[in-house]
Amino acid sequence: MIGTAFVSRRSSLSAGLFERSTRVVPGGVNSPVRAWSAVGGEPVFVGRGQGARIFDEDGRGYLDYVCAWGPLILGHAPRPVVEAVVRAVPEGTGFGAPTAKELELAELVCERIAGIEQLRLVNSGTEATMSAIRLSRGYTGRNKVLKFDGCYHGHVDALLARAGSGVASFSLPDSAGVPESFTGQTLIADFNDVASVRNLVRENHQDLAAVIVEPVCGNMGVIPPEPGFLEALRELTREYGIVLIFDEVITGFRVARGGAQERYGVTPDLTCLGKILGGGLPVGAFGGRREIMSCLAPAGPVYQAGTLSGNPVTVTAGLATLKELAAPEVYRELEEKGRRLEEGLQGVLDQGIRGTVNRVGSMLTLFLGPDRVGAPADARTSDRDRFARFFHGMLARGIYLPPSPFEALFVSLAHGEDDIAATVAAFADWAEEDSRR
Ligand SMILES: *Cc1c(COP(=O)(O)O)cnc(C)c1O
């Protein structure tokens, strides 16, 4: 059953705000994942955040594992970022002219991410992937793009497509409003299935501009790449002169200091960044080999632009965040916290609940139902009703999880050992209650 705390909260300020919101905002939210379509109920309106906690408009606190969907690796309102932003704002919030701060951030990213020799800042992850695709097409003079079933790259028309069953050559759009002719240039392969990629690449290599992948799948829950998968993508794309794009919007600065490409030792031609890079403010970036990046206007023929790109306040927040992530110990700490949470949750599952935990560093997903999730198809076998009960049961116990079974939990540096222990205890308590249903 849904906890009583959940039910009583419905008569609250937060609920009134949602009701008002549905009148002026489609579905009441500015991004679909924020609505609780997968779990039922109405979303909590958040008033503020501090450290590992958020507080709703009624002042109720929750331990937060959404962390703004990934950006807040230092937790909410971290002092070094807040202070840097507060110092930056009175200096002016935008010029539409180059600044030294943008240069500083670009140099820092080039130093940290192996595959980036040059980069351009944009305002969202969606813009980054959209621009990386256009650039790949301009650079190669080819039109097709290969993506993976279950990988999300923002709401770019051509990338809003996934295969039905097995490997479909050409796929239909996932969204109304996307012409079939747009996704008709998009091929879909299966994540962690090298043969599916090899076949499509061999058949289409003369028309194939890019292969784009989340090096750790993070948008069907966390699914790590199997050993050899990323290496095989690297070899195949190199052999046929196809641009390999790693979408590191989640994994960049998350799974290692130098992103997934450092963690797995595979360097792509282009990398897309976002989320952590903006320190909680809107941002995106794409970068890569100089030879490819120099095709961008004004250096080359591929047009790409942005009025607010490289915004000084965003760049300040990003720089302050990346400076906090400079030391290797930070990533050891994130790994250790992630490991503790994984082991704790797994320990509860071992008491007789079917499910599994997938984790890479400080991002993890608890899948209820399947014993093993090695591909998005496995994730889709999750028990959605049980997840909805789990979500509301945890919420009633003061733990705020992503409101979908197919999302990653993010552990931040602000999450303490006691917070993680409390989360595991809440899961055990819920599991005990749910077993008596
Ligand atoms: C979040 C995300 C995006 C889109 O970023 P936005 O800033 O929401 O446009 C792209 N790729 C991946 C892997 C993401 O997780």
Side-chain angles (χ1 to χ4, degrees), residues 29-35 65-73 113 115 119-136 145 147-162 174-175 186 191 210-225 230 233 244-255 259-261 263-264 268 270-288 304 306 308-311 314-315 317-318 321 358 360-365 376 379 402-404 406-410:
V29 291
N30 280 308
S31 191
V33 289
R34 297 177 197 172
Y65 286 100
V66 176
C67 290
W69 302 88
L72 303 182
I73 196 165
I113 309 283
L119 85 157
R120 183 157 281 175
L121 292 171
V122 292
N123 301 295
S124 69
T126 296
E127 251 187 274
T129 57
M130 179 188 79
S131 305
I133 296 290
R134 182 183 303 153
L135 176 59
S136 302
V145 171
K147 76 174 286 289
F148 291 88
D149 175 32
C151 280
Y152 175 70
H153 303 293
H155 59 100
V156 179
D157 280 341
L159 300 176
L160 275 182
R162 67 179 196 201
D174 276 348
S175 165
T186 307
F191 192 78
V211 168
I212 184 167
V213 67
E214 288 182 79
V216 175
C217 190
N219 283 288
M220 272 308 283
V222 174
I223 305 174
L230 298 175
L233 298 186
L244 178 61
I245 307 171
F246 276 8
D247 179 351
E248 296 228 40
V249 170
I250 289 182
T251 55
F253 316 108
R254 163 68 61 184
V255 300
Q261 52 199 273
R263 191 171 178 117
Y264 297 102
L270 293 179
T271 301
C272 299
L273 297 169
K275 296 189 173 132
I276 291 174
L277 179 67
L281 273 68
V283 84
F286 62 105
Q304 186 280 327
L308 290 169
S309 296
N311 175 268
T314 299
V315 165
T321 301
N358 276 5
V360 176
S362 56
M363 55 192 280
L364 65 80
T365 298
S404 156
F406 308 118
E407 297 288 352
L409 272 70
F410 294 105

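When a ligand or atom number is given, it counts from 1 through the structure's own listing order.
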Kindly indicate, with the supporting measurements, whether the criterion side chain to side chain donor-acceptor pair (under 3.5 Å) is fulfilled by Arg120 and Gln304.
CA-CA 9 Å; Arg120 183 157 281 175; Gln304 186 280 327; 3.2 Å; yes
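- Checked against side chain to side chain contact (heavy atoms under 4.5 Å, CB included), Asp157 has the following partners two or more places apart in sequence or in another chain: Val178, Phe182.
- With sequence neighbours left out, Pro403 forms a side chain to side chain contact (heavy atoms under 4.5 Å, CB included) with Trp36, Val39, Trp69, Phe391.
- For the side-chain hydrogen bond (donor to acceptor under 3.5 Å, both in side chains) test, residues two or more places apart in sequence or in another chain that qualify with Ser362 are Arg254.
- Within the 3.5 Å criterion, the main-chain N or O of Val222 finds a donor-acceptor partner in the side chain of Thr365.
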Between the protein and ligand 1, are there any N or O atom pairs that come within less than 3.5 Å of each other, and if so, what are their names and distances?
residue  : atom   : partner : partner atom : Å
ligand 1 : 5 (O)  : Gly125  : N            : 3.4
ligand 1 : 7 (O)  : Gly125  : N            : 2.8
ligand 1 : 9 (O)  : Gly125  : N            : 3.3
ligand 1 : 9 (O)  : Thr126  : N            : 2.8
ligand 1 : 9 (O)  : Thr126  : OG1          : 2.6
ligand 1 : 11 (N) : Tyr152  : O            : 3.4
ligand 1 : 11 (N) : Asp247  : OD1          : 3.3
ligand 1 : 11 (N) : Asp247  : OD2          : 2.6
ligand 1 : 15 (O) : Asn219  : ND2          : 3.2
ligand 1 : 15 (O) : Lys275  : NZ           : 2.7

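- A donor-acceptor pair is defined here as one N or O able to donate and one able to accept, closer than 3.5 Å; no such pair exists between the side chain of Thr186 and the backbone of Leu159.
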